[in-house]
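What follows is a single structure, written as C-alpha cells, with notes after it.
Proteins get letters first, then strands, A, B, ... in listed order; numbering begins at 1 in each.
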Amino acid sequence: MTRAPTDGLKQAVLAYLEERFGLDPRLLTNLHWYAGAKGRVIVGPPALREAVTIGMAVARVQGSVKPTTQALQLLAASVKKNVVDLDRDQAAAFVRGRDLSLDATPLATDGYVLVRYAGLPLGCAHLRGAQLRNMLPKARRLEVDFL
Amino acid sequence: MDLPARFRDRYGPLVDDPGALFSSLATPVPKAFRVNTLKATPAEVADRFQGYGLALRPVEWSPEAFVSVPEAGRTLDHFLGAIYLQELVSMLPPLVAGVSPRTRTVIDACAAPGSKTTQCAALMANQGLLVANDVDYRRIRALKFNLEKTGAINTIITNKDVRHFPGLPADVVLVDAPCSAEGTFRKSPEALATWSTQGIARHANLQRQLILKGFDLLAPGGTLVYSTCTFAPEENEAVIDYLLRNRPAALESIRLPGFRFSPPVREWNGRAFDPQVRRAARVWPHENDTGGFFLAKIRA
C-alpha cells in the first residue's frame with residue numbers, strides 16, 4: 001500500500017515545510033519516506049512487507065502541499081513562522097472543529113498555518129485574510145471544557 | 001452487588017482476604033491516564049490540571065501515571081494527545097518489559113486500541129521499530145487513530161494472526177492476550193452478573209499458541225511479557241507452565257518499586273506448576289485499587 005516516494009516529492013515537502021514554517025529539513029531526513037494513498041507523504045521506520053500502515057503522514061500533495069495536524073503538532077517546537085495564536089474562547093471553538101473569523105489580520109501570510117493556544121500546538125488551519133478555516137481531522141475534534 | 005457463589009468459591013481461596021477482594025469488585029475502578037512524554041512532561045500536565053481545578057493523584061511506581069477524574073476526557077490535554085486515558089494495570093507490561101530508547105525492536109502482538117503501543121513509542125522516544133499487530137481488522141482504525149494522535153512515528157501496523165507472524169527477531173514482545181477479562185468486572189458490573197467459566201478453556205487454548213509464538217519471535221536474550229486481565233489460573237499460570245514445558249524459557253522476577261504484586265497460584269485442580277512459575281505475578285484489585293491482572297516476564 002505504500003511505496004518509496006519520488007525524490008522530487010520528498011524534496012517538495014521538505015522545501016515547503018522549510019519555506020512556510022522555517023522547519024529545518026534535517027528534522028525529517030533521517031527517517032524513512034513513503035508515498036501513501038491519496039497523495040499522502042509519510043515518514044516512519046524501515047518498511048516491513050506485512051505493514052498495513054506505517055509511521056505518520058507529514059503532508060498531502062495534490063498539486064499543492066498540505067501539512068497534517070499531527071506533523072505540525074509534533075514539529076511545533078521548531079516552527080518559526082506562520083503561526084496563529086488564539087485566545088481561550090477561540091481555542092475552545094477551534095478544537096471543536098469551528099472555522100474562525102479573527103478580529104485582526106494576523107502576522108501570518110495566507111496559506112496553511114500552525115494554530116496555537118497558550119503555546120500549545122492545536123493543529124493545522126488555512127488562513128485567508130482574517131478567515132481561519134479549520135483543518136483538524138474530523139475524528140480529532142473534541143468538546144473540550146477544560147483549557 | 002451479588003457475586004455468583006461459584007465465583008466466590010473459585011477465587012476466594014486464592015487470596016488472603018477474600019472479603020476485601022469481593023467488596024473491591026463492587027466498586028468502580030479509578031479513572032487514570034498516562035502522560036504521553038512524546039508531547040508533554042508530567043509536570044506540565046499536572047500544572048495544567050491544577051489550573052483546570054481537576055484533582056490528580058500521582059502514583060509511586062511511575063512518574064507518568066496519574067489517578068484522575070472522568071473530566072480528563074474533556075481537557076485540552078486529551079485533545080492534544082498529551083495524555084492517554086488508560087487504566088493503571090494496563091500500563092504495567094511495557095514498564096515490566098523495560099522498554100527504553102535503547103530497545104531496537106518491539107512487537108505488540110495484540111495491540112488494539114493502542115494503549116500499550118503508544119506507551120512503548122513514548123518509552124522508546126520514537127526511536128527504533130515498534131510493530132503494532134492486531135488480528136481484528138475492525139480494531140485497526142482505532143489503533144491508527146491513537147498512534148497518530150500521540151505522535152508515534154516509529155510504528156508499523158500489521159493485521160495478522162500472530163500465530164502466522166513472520167520471523168522478525170524482537171528485543172521485546174508483548175502478548176497481552178485476549179482473555180475472559182474477569183479482572184475488568186469493576187468496569188462492567190453486568191459482566192460479573194453473567195459470569196461463567198465457559199470461555200476459559202477456549203481462551204486458554206489460544207493463549208497457549210500465542211505464548212509459544214511470542215517466545216519464538218524473540219531475538220536471543222530478548223524479553224517476552226505475557227499478560228491477561230483475568231483471574232483464571234488456566235489462562236495465567238497454566239499458560240506459563242505450558243511454555244516452560246515446550247520451550248527453553250527462563251522466567252524473571254517482576255519488580256516495579258511502589259507497586260504491590262502478589263504471588264501466583266502454585267497449583268490448580270490438583271496439578272502443581274513448574275517452580276519457575278512462582279516468578280510470575282498477580283495483581284488483585286483490592287491491593288492497589290486497580291483492575292485485576294496477571295504478568296509473566298520471560299527471557300529467551
Side-chain angles (χ1 to χ4, degrees), chain A residues 1-2 27-28 30-34 36 40 42-58 68-77 86 88 90-97 115-124 136-147, chain B residues 36 38-40 44-45 47-54 69 71-82 104-107 121 124 126-134 137 140-161 164-168:
Chain A
M1 56 110 243
T2 49
L27 288 165
L28 295 169
N30 60 353
L31 289 158
H32 295 255
W33 286 63
Y34 305 94
R40 286 190 191 89
I42 296 162
V43 296
L48 190 69
R49 192 164 51 85
E50 290 76 11
V52 178
T53 73
I54 189 162
M56 175 186 73
V58 195
T68 63
T69 276
Q70 66 252 33
L72 288 183
Q73 284 188 338
L74 207 58
L75 298 167
L86 303 181
R88 193 172 177 281
Q90 290 171 326
F94 185 79
V95 297
R96 283 169 167 81
V115 177
R116 287 191 313 202
Y117 163 67
L120 299 166
L122 302 185
C124 181
L136 290 178
K138 297 232 168 26
R140 287 289 307 270
R141 299 173 184 188
L142 189 70
E143 294 287 325
V144 168
D145 297 319
F146 299 91
L147 73 170
Chain B
N36 173 21
L38 297 177
K39 292 204 164 178
E44 287 164 4
V45 170
D47 273 359
R48 289 200 289 265
F49 270 68
Q50 195 168 30
Y52 306 149
L54 298 178
V69 287
E71 290 88 342
R74 293 188 281 125
T75 60
L76 186 65
D77 302 73
H78 183 52
F79 164 81
L80 292 167
R104 285 162 306 177
T105 305
V106 174
I107 299 175
M124 296 168 87
N126 248 342
Q127 309 289 307
L129 172 62
L130 173 55
V131 180
N133 179 72
D134 206 277
Y137 188 76
I140 297 287
R141 195 186 170 94
L143 179 58
K144 181 169 164 48
F145 174 80
N146 283 322
L147 292 179
E148 285 178 350
K149 180 173 173 177
T150 54
I153 58 176
N154 62 338
T155 53
I156 283 176
I157 295 178
T158 58
N159 178 215
K160 306 281 282 187
D161 183 330
H164 309 300
F165 207 78
L168 179 77

Between [X] and chain A, with a heavy-atom cut-off of 4.5 Å, which part of the residue counts as in contact: side chain, backbone, both or neither?
{"X": "B:Lys149", "result": "both"}
{"X": "B:Gln127", "result": "neither"}
{"X": "B:Leu147", "result": "neither"}
{"X": "B:Phe79", "result": "both"}
{"X": "B:Leu54", "result": "side chain"}

*Could you walk me through whether A:Glu50 and B:Val131 pass the side-chain contact (heavy atoms from CB on, under 4.5 Å) check?*
CA-CA 10 Å; A:Glu50 290 76 11; B:Val131 180; over 6 Å; no

With a 4.5 angstrom heavy-atom cut-off, could you sort out which part of [X] is near chain B: side chain, backbone, both or neither?
{"X": "A:Leu136", "result": "side chain"}
{"X": "A:Ala77", "result": "neither"}
{"X": "A:Leu48", "result": "both"}

*Side-chain contact, heavy-atom cut-off 4.5 Å: B:His78 with B:Thr75?*
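Touching, per the 4.5 Å side-chain cut-off.
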
*Would you say B:Leu76 and A:Leu122 make side-chain contact, with heavy atoms under 4.5 Å?*
yes

*For the pair A:Leu147 and A:Leu120, evaluate side-chain contact (heavy atoms from CB on, under 4.5 Å) and give the outcome as yes or no after the intermediate values.*
CA-CA 11 Å; A:Leu147 73 170; A:Leu120 299 166; over 6 Å; no

_Does A:Arg88 qualify as a cation-pi partner of A:Tyr117, given the criterion of NZ or CZ under 6.0 Å from the six-membered ring centre and within 45 degrees of its axis?_
no

Over all heavy atoms of both residues, which pair between [X] and [Y] is shortest? Give the atoms and the distance, please.
{"X": "B:Gly128", "Y": "A:Pro45", "answer": "O-CB, 4.1 Å"}
{"X": "A:Gly55", "Y": "A:Ile42", "answer": "C-CG2, 4.3 Å"}
{"X": "B:Ile107", "Y": "B:Phe165", "answer": "CD1-CE2, 4.2 Å"}

_Most contacts with chain B, counted as non-hydrogen pairs under 4.5 angstrom, among A:Gln73, A:Arg140, A:Met56_ = A:Arg140

*Tell me, out of B:Phe49, B:Phe145, B:Tyr137, who's got the most heavy-atom pairs with chain A below 4.5 Å.*
B:Phe145

*asked:* Heavy-atom pairs under 4.5 Å with chain A - which of B:Leu80, B:Asn159, B:Asn154 has more of them than the others?
replied: B:Leu80

